[in-house]
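Indexing begins at 1, ligand by ligand and atom by atom, following the structure's order.
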Amino acid sequence: MTAQLIDGRAVAASVHERVRLGIAERLAAGLRAPALATILVGDDPASHVYVRNKRTTCEKVGIRSVPVQFGADVTQAELIGQVDRLNADPEIDGILVQLPLPPQIDATLVTERIRADKDVDGFHPYNIGRLAQRLPTLRSCTPYGVIELLRSVQEPFKGRRAVVVGASNHVGRPMALELLLAGATTTVCHRFTADLGAEVARADIVVVAVGKPGLIKGEWIKPGATVIDVGMNRLADGRLVGDCEFDVARQRAAFITPVPGGVGPMTVAMLMLNTLQAAALHD
Ligand code: NAP
């Protein structure tokens, strides 16, 4: 068996189209375009690339992009002050603070300062709590995007066994809550899992989000499973790869995401969808 590739760029493009249509409907109804403020701190090259991509996508879909930039020496008080101003601004629907933040900043404090109804990253404890209680509001972008990818290949979820590898606050944990919400029987594996191979081998759906190339052996994949690789690792030769041994896994899985071109484009697409949804919360 050779797995069918799940084309994240194509699914993301369809989400962009939904957002464009939603914005056109707002404008036709006399409402303003949604606005997203993106706060970038310091000179981390990867953060600059991510934020530029988010700002460009805003412009493409019709979201007003409000860029905010700070030097790496910004103080906690300055950053919190900026978040407070954006929280109070009735013309701003979403606030995104690009992580990581410099060591003098408490990222948890900043994340929790963003008003929950403007938290378009879906990281605020309120939004994670809503998801845990099966009442999702603004959902964490990457896990939400993974669900969208799975739906694009008619994943039934109910009666299926899902295994999430990685248990971070931003990806693994909300991913498990999303899969549970969708109806899959869900297991979370982390660095203390005794036999990762055995857990993965039982899974109909494998979602890997660790950041270690080759962690998931291709031969562990159950024949016919769906594999979603969230991992993004830059190798010494410059190649970008996921956490799963792609070539071997592809010979066993029914569906698999490539890296790049799988989950990556979905994270930004769901950010756009969340911003549109946040605007509706502010009408
Ligand atoms: P993270 O915060 O570093 O979390 C990684 C998680 O994996 C942690 O829970 C860690 O455990 C766990 N882990 C470490 N070693 C493990 C092992 N041997 N077996 C099982 N679990 C293990 O990273 P993240 O933010 O979740 O991101 C994970 C990966 O996804 C990274 O490669 C990142 O670049 C990528 N990513 C991609 C996108 C996208 O849009 N495509 C978005 C977000 C992240 P501890 O908690 O005990 O350390």
What atoms in ligand 1 come closer than 4.0 Å to a heavy atom of [X]?
X      : value
Lys212 : 14 (C), 15 (N), 16 (C), 18 (N)
Val165 : 20 (C)
His190 : 19 (N), 20 (C), 21 (N)
Gly264 : 40 (O), 41 (N)
Val230 : 30 (O), 35 (C), 36 (N), 37 (C), 38 (C), 41 (N)

Please write down residue, atom name and distance for the protein heavy atom closest to [atom].
atom                    : value
atom 12 (C) of ligand 1 : Gly166 CA, 4.0 Å
atom 39 (C) of ligand 1 : Thr267 OG1, 3.7 Å
atom 34 (O) of ligand 1 : Met232 O, 3.7 Å
atom 9 (O) of ligand 1  : Ala167 N, 3.0 Å
atom 44 (C) of ligand 1 : Val171 CG2, 4.0 Å
atom 31 (C) of ligand 1 : Gly211 CA, 3.7 Å
atom 3 (O) of ligand 1  : Val210 O, 4.2 Å
atom 24 (P) of ligand 1 : Ser168 OG, 3.7 Å

- Item | NZ/NE/NH1/NH2 to OD/OE distance under 4.0 Å, Glu148 and Arg151 |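 Between Arg151 and Glu148 there is no salt bridge, as every charged N stays at least 4.0 Å from the carboxylate O atoms.
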Would you compute the distance between atom [atom1] of [X] and atom [atom2] of [Y] and round it to the nearest 0.5 angstrom?
X      : Y      : atom1 : atom2 : result
Arg173 : Glu178 : CZ    : CD    : 15.5 Å
Ile228 : Cys244 : CD1   : SG    : 11.0 Å
Asn127 : Asp121 : CG    : CG    : 10.5 Å

- Message: Does the protein come close to atom 46 (O) of ligand 1 - that is, does one of its heavy atoms sit below 4.0 Å from that atom?
- Response: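 No, there is no protein heavy atom closer to it than 4.0 Å.
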- Will you find, in the side chains of Arg55 and Ser65, an N or O donor that is under 3.5 Å from an N or O acceptor?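 On atom types as modelled, these side chains do not qualify, holding no pair under 3.5 Å.
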- Modelled atom types, side-chain donor and acceptor of Glu78 and Thr75, under 3.5 Å: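 Side-chain D/A pair, Glu78 to Thr75: present.
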- Message: If the contact criterion is a heavy-atom separation under 4.0 Å, does Arg191 count as touching ligand 1?
- Response: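 Contact present.
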- Task: Report yes or no: does Gly172 have a heavy atom closer than 4.0 Å to ligand 1?
- Result: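 For ligand 1, residue contact (heavy atoms, under 4.0 Å) with Gly172 is absent.
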- Any chain of hydrophobic side-chain contacts (each under 4.5 Å) joining Val146 to Met266?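 Same hydrophobic cluster.
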- Query: Given Pro260, Ala209, Gly242, which has its nearest heavy atom closest to atom 28 (C) of ligand 1?
  - Reply: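 Of the listed residues, Ala209 has the closest heavy atom.
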